[in-house]
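Structure record follows, encoded as structure tokens.
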Amino acid sequence: MTPHNMTWISYPSKNLAFTSPEEIEAFIASQNIISRLMHCYIALFVPTGLTAGICILIIFIKNYLRYKVIENLDLLLLHFTISNIVMIFLSFTVITRPDYLTTTHLACNVLSFFFNLGYFNSQYVLILILLTLLLKRFPPRPALGTATQRPILCVGFVLISAFCLSLTGAVLVGTGNYHLRTDCQLDPLFAWPEYEIVKFTFGFGIPLFLQILCFAVLFAKAAPTEAPALKQHLRTYPAVYIISTTMFACRLFYNVMILLRTTFKLQKSVGTPKNELVMNIAEIALFCESCASLVFILGSHKPCKDEILKVIQKCRRENATNNHLEIPATTAQESGSQ
């Protein structure tokens with residue numbers, strides 16, 4: 001592969017020559033939008049997502065210690081949760097927006113590697129989850145059934161695949177100028193055009209095809225007579241299908257902007273401040289999706305939902321008991337004063 005010289009590229013906001021007051025106003029407006037979106041994300045989505053993720057981890061670990069066994073679906077959702085928590089922690093790099101994190105090329109490449117590891121990992125674990133649910137409704141082939149009954153091996157395969165793809169992405173970021181300082185995004189602007197193409201193909205295109213295939217089989221193929229009805233199946237596992245829809249919407253927007261940035265690179269253009277604004281919005285939307293997915297699991301997945309309801313009922317009983325104890329005590333004090 002021929003190396004690319006990407007030293008010419010820079011963010012439009014860093015390379016502006018204003019010629020009119022309207023351009024200045026548009027630039028200030030775009031910077032304000034990015035800043036407000038960042039503050040909303042940090043203030044609302046991050047605490048909610050991390051709280052939901054920690055609760056999910058506690059519930060799954062508690063259930064495992066109690067029953068000494070964990071279902072295949074729960075193991076995959078646990079792995080999915082850990083990937084999204086990693087994504088949320090890496091999203092703290094947006095705190096500097098509308099400016100960017102200033103670091104070396106090497107440090108930026110390392111951040112990009114771990115970001116892509118979580119990105120690819122969560123995408124392919126979702127495919128495994130959809131396949132697991134599909135096999136709950138349709139009898140599996142012997143070889144496929146044996147593979148899905150060993151979820152740890154499946155998770156290991158996903159991790160190895162995500163690691164290899166992330167390593168490929170790290171190579172395509174560029175192998176020179178590691179000591180130079182730069183403005184850093186988790187998808188580095190100075191990456192070669194092949195970086196975005198590989199990420200789109202293996203992080204969105206192929207997974208989307210597999211998701212469509214799973215949904216086509218689910219809705220089009222006739223299920224065995226002993227299998228539950230389709231509506232009942234969807235109601236039993238609502239979290240997975242909600243997550244799948246949310247991930248598709250957010251990652252479609254994100255990957256479209258990734259490809260648009262690639263076209264600018266191939267044309268030797270840095271784009272406009274508006275393009276930069278939309279790319280930042282797409283990046284924050286991707287992080288919001290990680291937070292929202294954890295909330296959907298906590299609120300819709302049956303083991304998590306049941307545990308939350310138990311905690312709520314326990315709090316209500318304790319409040320009712322405390323109120324019951326306070327009333328007689330107050331009555332006795334009033335009788336004594338009379």
Side-chain angles (χ1 to χ4, degrees), residues 41 44-89 118 121-138 148-149 151-152 154-155 158 211 214-215 218-219 223 227-251 286-321:
Y41 169 72
L44 299 177
F45 283 88
V46 169
T48 305
L50 286 178
T51 302
I54 292 170
C55 289
I56 294 167
L57 293 179
I58 292 173
I59 290 170
F60 282 153
I61 293 172
K62 182 179 177 182
N63 288 343
Y64 175 75
L65 294 176
R66 182 186 301 168
Y67 303 112
K68 300 302 180 183
V69 66
I70 184 169
E71 291 189 8
N72 295 351
L73 179 60
D74 289 349
L75 179 62
L76 294 176
L77 285 174
L78 177 63
H79 187 67
F80 181 82
T81 299
I82 294 172
S83 294
N84 280 279
I85 290 175
V86 171
M87 291 274 284
I88 293 173
F89 279 118
N121 195 40
S122 60
Q123 187 69 71
Y124 284 102
V125 168
L126 178 64
I127 301 298
L128 271 181
I129 293 171
L130 289 173
L131 181 61
T132 300
L133 295 187
L134 199 63
L135 295 180
K136 285 180 178 289
R137 183 166 169 77
F138 300 99
T148 54
Q149 290 302 315
I152 294 179
C154 294
V155 168
V158 167
Q211 286 183 52
C214 287
F215 279 107
L218 179 66
F219 288 103
L230 180 59
K231 288 185 178 179
Q232 182 181 349
H233 175 82
L234 295 176
R235 289 172 183 171
T236 306
Y237 309 103
V240 175
Y241 297 108
I242 294 172
I243 289 170
S244 182
T245 305
T246 306
M247 285 184 68
F248 166 73
C250 293
R251 298 199 175 197
L286 178 71
F287 295 138
C288 289
E289 173 262 309
S290 295
C291 299
S293 295
L294 297 179
V295 174
F296 291 144
I297 294 174
L298 183 64
S300 303
H301 186 51
K302 191 176 185 306
C304 298
K305 184 170 65 174
D306 291 346
E307 197 67 29
I308 294 297
L309 291 175
K310 287 179 184 178
V311 172
I312 294 173
Q313 291 172 358
K314 183 179 179 181
C315 292
R316 286 179 177 176
R317 284 196 300 268
E318 290 179 353
N319 288 336
T321 303

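FYI, the numbering just counts along the sequence from 1. The structure presented is a predicted model; accordingly, all values stated were derived computationally and were not measured. Computed over heavy atoms, backbone and side chain alike; hydrogens, waters and symmetry mates excluded.
The two atoms that bring Thr81 and Gly53 nearest to each other are CG2-O, 3.8 Å, heavy atoms only. Shortest non-hydrogen contact noted between Ser300 and Pro238 is O-CG, 3.9 Å.
Looking at Ser122 and Arg251, their side chains do bring a donor and an acceptor atom within 3.5 Å of each other. Side chain to side chain, Glu289 and Ser293 meet the donor-acceptor criterion of an N or O pair below 3.5 Å.
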Stepwise side chain to side chain contact (heavy atoms under 4.5 Å, CB included) test for Asn121 and His79: CA-CA 9 Å; Asn121 195 40; His79 187 67; 2.9 Å; yes
Verdict with supporting geometry, Glu71 and Leu75, side chain to side chain contact (heavy atoms under 4.5 Å, CB included): CA-CA 6 Å; Glu71 291 189 8; Leu75 179 62; over 6 Å; no
Working for side chain to side chain contact (heavy atoms under 4.5 Å, CB included), residues Phe60 and His301: CA-CA 11 Å; Phe60 282 153; His301 186 51; 3.9 Å; yes
Candidate pair Asn63 and Asp74, rule side chain to side chain contact (heavy atoms under 4.5 Å, CB included), full reasoning: CA-CA 10 Å; Asn63 288 343; Asp74 289 349; 5.7 Å; no
Trace of the side chain to side chain donor-acceptor pair (under 3.5 Å) decision for Thr132 with Asn72: CA-CA 8 Å; Thr132 300; Asn72 295 351; over 6 Å; no
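A salt bridge (Lys or Arg N to Asp or Glu O under 4.0 Å) check over residues 45-64, counting only residues at least two apart or in different chains, returns the pairs Lys62-Glu307.
The CD1 atom of Ile308 sits 12.0 Å away from atom CD of Gln313, with the distance rounded to the nearest 0.5 Å. Taking CG of Leu126 as the start and CG of Leu77 as the end, the distance is 9.5 Å to the nearest 0.5 Å. Of the inter-residue distances, the one linking Phe80 atom CZ with Ile243 atom CD1 reads 5.0 Å to the nearest 0.5 angstrom. The line from CZ of Phe89 to CG of Asn84 is 12.5 Å long, rounded to the nearest 0.5 Å. Leu76 contributes atom CG, which lies 12.0 Å from atom CD1 of Ile127 (distance to the nearest 0.5 angstrom). Here Lys310 contributes atom NZ and Cys315 contributes atom SG; the two are 14.0 Å apart, rounded to the nearest 0.5 Å.
Contact check for Ile88 versus Leu294: side-chain heavy atoms found under the 4.5 Å cut-off. Counting only heavy atoms from C-beta outward, the side chains of Leu57 and Ile82 approach each other to under 4.5 Å. Side-chain contact between Val155 and Val125: absent, with no pair of heavy atoms (C-beta onward) separated by less than 4.5 Å. Under the 4.5 Å side-chain criterion, counting only non-hydrogen atoms from C-beta, His233 is in contact with Leu218. In this structure the side chain of Val240 reaches within 4.5 angstrom of the side chain of Leu130, judged on heavy atoms. A 4.5 Å side-chain heavy-atom check between Ile59 and Leu298 finds at least one atom pair inside the cut-off.
For Phe248, the ring-ring contact (aromatic ring centres under 6.0 Å, His included) criterion is met by no residue, not counting sequence neighbours. Residues that satisfy the ring-ring contact (aromatic ring centres under 6.0 Å, His included) test with Phe215, not counting sequence neighbours, are Tyr241.
Annotation: Gln211, atom CD; neighbour count of heavy atoms from other residues, nucleotides and ligands within 6.0 Å is above 12. For Arg66, the CZ atom sits in a packed shell: over 12 heavy atoms of surrounding residues, nucleotides or ligands are nearer than 6.0 Å. Heavy atoms from other residues, nucleotides or ligands lying under 6.0 Å from CD1 of Ile152 number 12 at most.
Ring geometry for Phe287 against Tyr41 counts as tilted: the plane angle lies between 30° and 60°, on a 0 to 90° scale.
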